[in-house]
Amino acid sequence: MERTTRIPVTVSLEIQRSDGEKQETEKIAGPGYFYEADGIRFLVYETGEGLRQQIELWPEKAIVRTPVENAGAENCMVFRMGERLAAEYHTPYGSLHMETRTREYRTEAREEFRVWLTYELYLDGGFVSECRMQITAKRRS
């Protein structure tokens, strides 16, 4: 596996969720790092809750991995354009069946690295919300 040097970054993540009636926005910012390995870009950062989240950015898909506190498990969400993909969402109290249908996935690398994801979220087969996620990684000095 050929891997580039880890670049220290500050990550800003904003998620807007809408169920058609109400909208909520969640913002997370914190330190992290960015690197590439075998053509895949990786962004790793602290969520602010003491957990480390990893995003794998492939040309055709994004994979978000988050460890589950006190559960010895990992949540893994896969986003691929136009596809409805299933995952188990683990909590310390049990698991939920979750699905995502990706409507937008794109990245941009200039002075900053940006990721845009728009997806529909389903739990146990029922629509929960439309989510718009924007991630920005800025190099730290």
Can you tell me how far apart [atom1] ([X]) and [atom2] ([Y]) are? Round to the nearest 0.5 Å.
X      : Y      : atom1 : atom2 : value
Arg41  : Leu57  : CZ    : CG    : 7.5 Å
Gln134 : Leu117 : CD    : CG    : 10.5 Å
Ile55  : Ile135 : CD1   : CD1   : 3.0 Å
Thr10  : Arg139 : OG1   : CZ    : 11.5 Å
Met98  : Ser95  : CE    : OG    : 10.5 Å
Arg17  : Glu26  : CZ    : CD    : 4.5 Å

Quick check on Arg84: does its CZ atom have over 12 non-hydrogen neighbours (other residues, nucleotides or ligands) under 6.0 Å away?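 For Arg84, atom CZ is crowded (more than 12 foreign heavy atoms under 6.0 Å).
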Is there a donor-acceptor contact under 3.5 Å from the side chain of [X] to the main chain of [Y]?
X      : Y     : result
Tyr105 : Lys61 : yes
Arg140 : Val9  : yes
Thr102 : Met81 : no

Give me the atom names and distance for the closest heavy-atom approach of [X] to [Y].
X      : Y      : answer
Thr5   : Tyr35  : O-CB, 3.9 Å
Glu112 : Lys138 : OE2-CE, 2.7 Å
Ala87  : Cys76  : CB-O, 3.4 Å

Please list, chain by chain and in numerical order, all residues satisfying salt bridge (Lys or Arg N to Asp or Glu O under 4.0 Å) with Lys27, sequence neighbours excluded. Glu14
Can you list everything that forms a salt bridge (Lys or Arg N to Asp or Glu O under 4.0 Å) with Arg52? Sequence neighbours excluded, please. Glu46
Check this for me: does any side-chain nitrogen of one of Glu24 and Lys22 sit under 4.0 Å from a carboxylate oxygen of the other? no
hydrophobic_cluster_shared for Val11 and Trp116, side chain cutoff 4.5 Å: no
Verify ring-ring contact (aromatic ring centres under 6.0 Å, His included) between Tyr119 and Phe79, making sure each step is shown before the conclusion. CA-CA 8 Å; Tyr119 60 95; Phe79 301 91; 4.7 Å; yes
Please determine whether salt bridge (charged side-chain N to carboxylate O under 4.0 Å, His left out) holds for the pair Arg106 and Glu108, giving the CA-CA distance in whole Å, both sets of side-chain angles, and the decisive distance to 0.1 Å. CA-CA 7 Å; Arg106 61 188 170 99; Glu108 177 182 275; 5.3 Å; no
Give the intermediate values and the outcome of side-chain contact (heavy atoms from CB on, under 4.5 Å) for residues Asn75 and Met77. CA-CA 7 Å; Asn75 287 323; Met77 297 170 57; 5.7 Å; no
As a quick check of understanding, evaluate side-chain contact (heavy atoms from CB on, under 4.5 Å) for Glu88 and His97, giving each step before the final call. CA-CA 5 Å; Glu88 292 299 312; His97 179 74; 3.1 Å; yes
Extract all donor-acceptor atom pairs below 3.5 Å that involve side chains of residues 120-127 and protein atoms in other chains or at least two apart in sequence.
residue : atom : partner : partner atom : Å
Glu120  : OE1  : Arg101  : NE           : 2.9
Glu120  : OE1  : Tyr122  : OH           : 2.6
Tyr122  : OH   : Arg101  : NH2          : 2.9

